[in-house]
Structures are given as structure tokens and as C-alpha cells.
Q: 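Structure provided below as C-alpha cells; questions to follow.
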Amino acid sequence: MTDFASDLLRQLSTRGYVHQVTDATGLDALANKQIVPGYIGFDATAPSLHIGSLVQIMMLRRLQQAGHKPIVVMGGGTTKVGDPSGKDESRKLLDDAGIAANIASIRRVFERFLVFGDGPTDAILVDNAEWLDELDYIPFLCDVGRHFTINRMLAFDSVKLRLDREQPLTFLEFNYMILQAYDFMELSRRVGCRLQLGGSDQWGNIVNGIELTRRIDGVEVFGLTTPLITTADGAKMGKTASGAVWLNEDQLSAYDYWQFWRNTDDRDVGRFLKLFTDLPLDEIARLEALQGAEINDAKKVLADAATALCRGAEAAIEAAETARRTFEEGSAGDSLPTLAVPEGQIGVVDALVGLGLCASKGEARRLIKGGGARVGVEKVTDEALVISVGADPVRIAAGKKHHGLLVAG
């Protein structure tokens with residue numbers, strides 16, 4: 001079904017967000033009739049989400065733009081369990097203080113994409129620890145657990161993958177799908193939530209929540225998933241040689257964030273403009289039709305728009321100017337990542353890692369061996385090189401596109 005009546009499903013469909021919908025006709029009718037509160041859950045395993053979560057954040061933004069209510073659910077409870085979906089091994093579990101700190105840090109990103117408040121379409125952020133931490137185990141098993149069969153739970157891809165690879169799956173993780181289903185029912189009860197959004201790997205968990213809510217409360221709720229976002233060469237979105245592309249500015253500089261988008265494959269430009277910017281579709285059609293060297297103009301528009309959404313317009317302008325000065329004028333821009341060198345000297349390997357240009361010392365040594373590291377304009381040939389930093393900053397590069405500055409500490 002593509003001829004939707006509601007602004008919500010028309011927008012999600014035309015921009016490429018829709019993979020599966022549990023009942024497209026029913027959801028379309030509901031969204032055309034009333035404000036639909038919809039949620040996505042995010043576990044707080046790190047101080048920042050990375051770009052792999054951005055399509056979900058943008059879906060909440062589209063929900064609000066279409067006149068509906070976004071609900072950001074932070075997994076203060078489920079982070080203690082660990083979602084086995086797409087994982088080969090158990091995640092390291094955090095304590096309450098670590099989870100709370102991560103949630104506070106992550107919230108800052110959502111505040112750039114969504115309008116929070118008390119209005120009917122204002123976004124709200126809730127923590128599922130509010131209800132999960134209060135559950136009594138035996139009553140929960142009796143009331144909720146009886147609606148799940150082991151037979152069906154074993155059939156889910158998240159479970160089968162681990163078992164097929166003979167990787168341990170703890171009983172704690174096995175409970176995750178029940179807790180996520182319970183989240184949907186609890187949100188339906190607390191805030192009238194009618195829709196869960198998520199990636200395609202969450203389809204089974206979403207369907208569980210829909211069925212649980214219907215069986216226990218008799219309430220009709222809906223689910224919608226996005227396709228797995230991969231690059232044109234088949235790589236998972238956001239995976240780079242130098243590590244994750246973090247959304248928080250204290251995890252990744254605005255310049256490096258801008259550069260990630262600027263380096264988009266030619267074949268992905270149009271799709272990413274639809275998914276990750278607010279540009280009108282007719283303007284996107286014009287940009288993705290550009291050929292040859294002109295496609296670089298479209299990539300700069302993508303980088304500017306995506307960076308402005310996540311880091312603010314001023315940061316996007318500074319990053320673009322830094323890139324222009326770095327590559328067009330050969331000078332060092334002000335927004336490059338910097339590393340203070342208190343002693344005035346630092347090994348080149350430590351400098352590459354400290355600037356975030358390489359994820360590890362081993363990666364830095366491989367970069368040097370391959371001829372990809374430079375200090376100033378000179379190629380580094382000796383991994384034991386010691387760099388002296390005086391009054392003027394020293395520019396260091398990893399490949400052609402990743403640069404940083406060493407400054408006296």
C-alpha cells in the first residue's frame with residue numbers, strides 16, 4: 001500500500017523509512033483521525049548513541065513533523081538485561097549510576113531533533129526502569145510470562161543466531177523480548193501509546209508487544225520498522241575504519257561528523273538526503289541528479305544539513321569552513337580535533353590515537369606502514385617518530401580526509 005491518507009505514512013513512505021507495518025490500513029486511518037503517540041526504545045550502553053541510531057531518531061522527528069507525539073524510551077531497565085538482537089555475545093552490564101549518566105548525556109542529542117514539552121504533540125522522554133524495576137518476579141511470570149511460549153521464543157532470529165553459532169545466551173538476555181513487549185503495553189496504559197517504531201531487527205519484539213497488549217488489555221496498537229540502512233557497498237551504516245560515528249559532540253568533533261557525510265558514496269547521496277535531512281523532496285531530486293564532479297556539491301549540502309540538525313547551524317558552518325580551508329587552501333581550520341601535548345613532545349602513534357584518527361596503536365602502526373600518515377606535509381615513515389610541539393600547532397593527518405592538530409598543553 002503506497003497511497004496513504006495520513007501525512008505520517010505518506011512522509012515515512014516517500015522518504016524511504018518503511019520496511020514493514022503490522023496493519024498499514026489501520027495505522028493510516030488512525031493517524032489521519034487523531035494524534036498518535038509513538039515510541040522507540042534506546043538502551044543506554046554508552047554516553048552517546050552513534051549514527052546507526054540516527055534513522056530511528058529521524059523517524060521520531062518525522063512523527064512530530066506530521067503532528068503526532070514522539071516518546072523517547074530510555075532503557076534504564078532493559079540496559080541491565082541486554083538486547084541479544086544482532087549480538088554474538090553478551091554485553092557488559094552497567095550499574096545504575098553508569099546508566100543514569102549515559103541517559104543524561106544521550107538526552108542532549110534528542111533535544112536537537114525533537115521539541116520537548118507538555119503539549120499534545122510535544123516529545124517526552126521516559127525511562128523504562130520506572131516500571132521494570134518495580135516488577136515482582138512471580139506475579140510478572142504469572143501475568144505476562146504465560147503469554148510467551150519457549151517454542152516461539154527459540155524461533156526468533158536474535159536467539160537462533162546465538163544458538164546456531166554456539167555462543168552463550170544467558171537467561172537474563174532471553175528475557176529481553178518479554179520486557180520489551182511489556183514496555184509497549186505499559187506505555188499504552190500510561191501515555192496512550194499506539195505505535196512502536198524500530199529497525200527491521202526489532203520486528204519480532206514489536207509484534208510480541210502488540211500481541212501482549214491485545215491479549216491482556218484488548219487495545220489495538222501498531223508497529224512499523226525501517227529497512228536495515230546500509231551503504232551502497234553493503235556496509236552497515238556508520239561503521240568506519242576509525243570507529244563509530246558518535247552523535248554527541250564530546251565523543252566526535254563536528255568537523256569529523258561533517259566529514260563523515262561529505263564522504264558519502266555517490267550512490268547514497270539521494271537516499272541519505274531523504275532520510276537524514278529536512279530538505280524538500282524536489283530539491284533532493286535536483287541534487288541527486290547531479291553528475292560527475294557536481295555530485296560533490298550535493299554531498300556538501302548533505303554534510304551541512306545533517307551536521308546542522310545534530311550539532312547546530314553554527315557548528316556546521318565552522319566544520320564546512322574548516323574543510324574548505326584544509327583542502328582548498330591547505331591551511332588548518334579552527335574546528336579540527338585538537339590534542340594538548342603538555343610535555344611538548346609526543347610519539348606519532350600516540351598522537352594518531354589521541355586525536356581519534358586511529359582507534360588503536362595497532363591501527364596507527366598499520367596506517368604508518370601503509371604510507372597514510374603525515375605530519376604537516378611530510379609522510380611519516382618511522383612509527384617511533386617523536387613530534388615536537390611549540391608555539392604553533394602541528395597538523396597531523398590520517399589519509400587524505402582525516403586531520404587533527406597538536407597544540408602545546
Side-chain angles (χ1 to χ4, degrees), residues 15-17 19 40-62 70 72 74-75 83 85-87 91 102-103 105-114 197-202 225-279 298-313 315-316 319-320 323 335 337 356-359 398-399 401-402:
R15 284 188 171 264
Y17 293 96
H19 178 59
I40 302 179
F42 301 86
D43 282 345
T45 55
S48 171
L49 299 174
H50 57 70
I51 227 163
S53 296
L54 187 56
V55 71
Q56 313 304 332
I57 298 173
M58 289 300 297
M59 277 221 292
L60 290 175
R61 183 175 175 86
R62 303 298 182 217
V72 178
M74 293 307 306
D83 183 1
S85 300
K87 309 292 192 304
R91 71 163 59 138
N102 287 347
I103 290 174
S105 179
I106 289 169
R107 182 186 174 115
R108 290 183 286 130
V109 165
F110 284 104
E111 289 172 345
R112 291 199 181 274
F113 288 88
L114 303 170
L197 304 158
S200 57
D201 62 333
Q202 295 298 315
T225 63
T226 61
L228 176 66
I229 306 300
T230 58
T231 58
D233 59 6
K236 194 172 181 180
M237 175 72 176
K239 295 293 185 182
T240 68
S242 57
V245 181
W246 299 103
L247 300 184
N248 281 45
E249 57 272 7
D250 48 359
Q251 301 286 113
L252 184 76
S253 73
Y255 173 79
D256 283 334
Y257 190 79
W258 189 94
Q259 274 296 138
F260 169 80
W261 295 106
R262 172 62 181 82
N263 295 336
T264 296
D265 188 294
D266 292 2
R267 297 165 291 176
D268 290 326
V269 172
R271 186 163 57 103
F272 286 2
L273 282 166
K274 291 176 186 176
L275 290 171
F276 301 114
T277 80
D278 287 341
L279 266 65
K299 293 181 184 182
K300 291 176 184 177
V301 171
L302 170 62
D304 289 345
T307 304
L309 274 177
C310 188
R311 304 299 182 82
S335 297
L357 302 179
C358 292
K401 298 177 180 178
H402 298 284

Q: Indicate yes or no for a side-chain donor-acceptor contact from N248 to the backbone of D250 under 3.5 Å, with no hydrogens or angles considered.
A: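 Not a single qualifying donor-acceptor pair exists.
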Q: Sub-3.5 Å donor-acceptor pair from the side chain of Y257 to the main-chain atoms of W246, do we have one?
A: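 A pair under 3.5 Å: no.
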Q: Quick one: list whatever passes ring-ring contact (aromatic ring centres under 6.0 Å, His included) with F276, sequence neighbours left out.
A: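 Checked F276 against ring-ring contact (aromatic ring centres under 6.0 Å, His included); matches are W261, F272.
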Q: If you look at every heavy atom in R271 and A232, which pair is closest and at what distance?
A: NH2-N, 4.3 Å
Q: Kindly give the heavy-atom pair with the smallest separation between H402 and D256, and that separation in Å.
A: ND1-OD1, 4.3 Å
Q: Which heavy-atom pair separates A316 from A308 by the least distance, and what is that distance?
A: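 Taking every non-hydrogen atom into account, CB-N, 3.7 Å.
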Q: Going by side-chain contact (heavy atoms from CB on, under 4.5 Å), L197 matches just one of Q202, R62, M59. Which one?
A: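 The option that passes is M59.
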Q: Using only atom types and a distance under 3.5 Å, with no angle test, would you say the side chain of K299 pairs donor to acceptor with the backbone of T264?
A: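 Indeed, once roles are kept as given, a pair shorter than 3.5 Å links the two residues.
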Q: Please report the shortest heavy-atom distance between S253 and R311, naming the atom on each side.
A: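 Closest approach of S253 to R311, heavy atoms only: C-NH1, 3.5 Å.
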Q: Find the distance between CG (L247) and CD1 (I57) and round it off to the nearest 0.5 Å.
A: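 Answer rounded to 0.5 Å: 5.0 Å.
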Q: Going from CD on Q259 to OG1 on T307, what distance comes out if it is rounded to the nearest 0.5 angstrom?
A: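 If we round to the nearest 0.5 Å, Q259:CD and T307:OG1 are 9.5 Å apart.
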Q: Checking R61 side chain against F113 main chain: does a donor-acceptor pair fall under 3.5 Å?
A: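 Such a contact is found between R61 side chain and F113 backbone.
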Q: Could you tell me whether the side chain of R267 reaches within less than 4.5 Å of the side chain of T231, counting heavy atoms only?
A: no
Q: Identify the two heavy atoms, one from T277 and one from M58, that lie closest to each other, and give their separation to 0.1 Å.
A: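 The pair with the smallest heavy-atom distance is N-CE, 4.2 Å.
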Q: Rounded to the nearest 0.5 Å, what separates atom CG in L309 from atom CG in D304?
A: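 CG of D304 is found 11.5 Å from CG of L309.
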Q: Applying side chain to side chain contact (heavy atoms under 4.5 Å, CB included), name anything that partners S53, two or more places apart in sequence or on another chain.
A: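 Once residues adjacent in sequence are excluded, the partners of S53 under the side chain to side chain contact (heavy atoms under 4.5 Å, CB included) criterion are F42, L49.
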Q: What's the spacing between T45 OG1 and I106 CD1 if we round to 0.5 Å?
A: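 Separation between the atoms: 7.0 Å.
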Q: If you round to the nearest 0.5 Å, how far is CG of L252 from NE2 of H50?
A: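 Those atoms lie 12.5 Å apart.
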Q: Are the side chain of D233 and the backbone of A235 linked by a donor-acceptor contact shorter than 3.5 Å?
A: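 Confirmed, D233 side chain pairs with A235 backbone.
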Q: Locate the shortest heavy-atom distance separating N102 from A44; write the atom from each residue and the value.
A: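 Residues N102 and A44, closest heavy atoms: ND2-O, 3.0 Å.
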Q: Rounded to the nearest 0.5 Å, what separation is found between the CZ atom of R15 and the CG atom of L273?
A: 9.0 Å
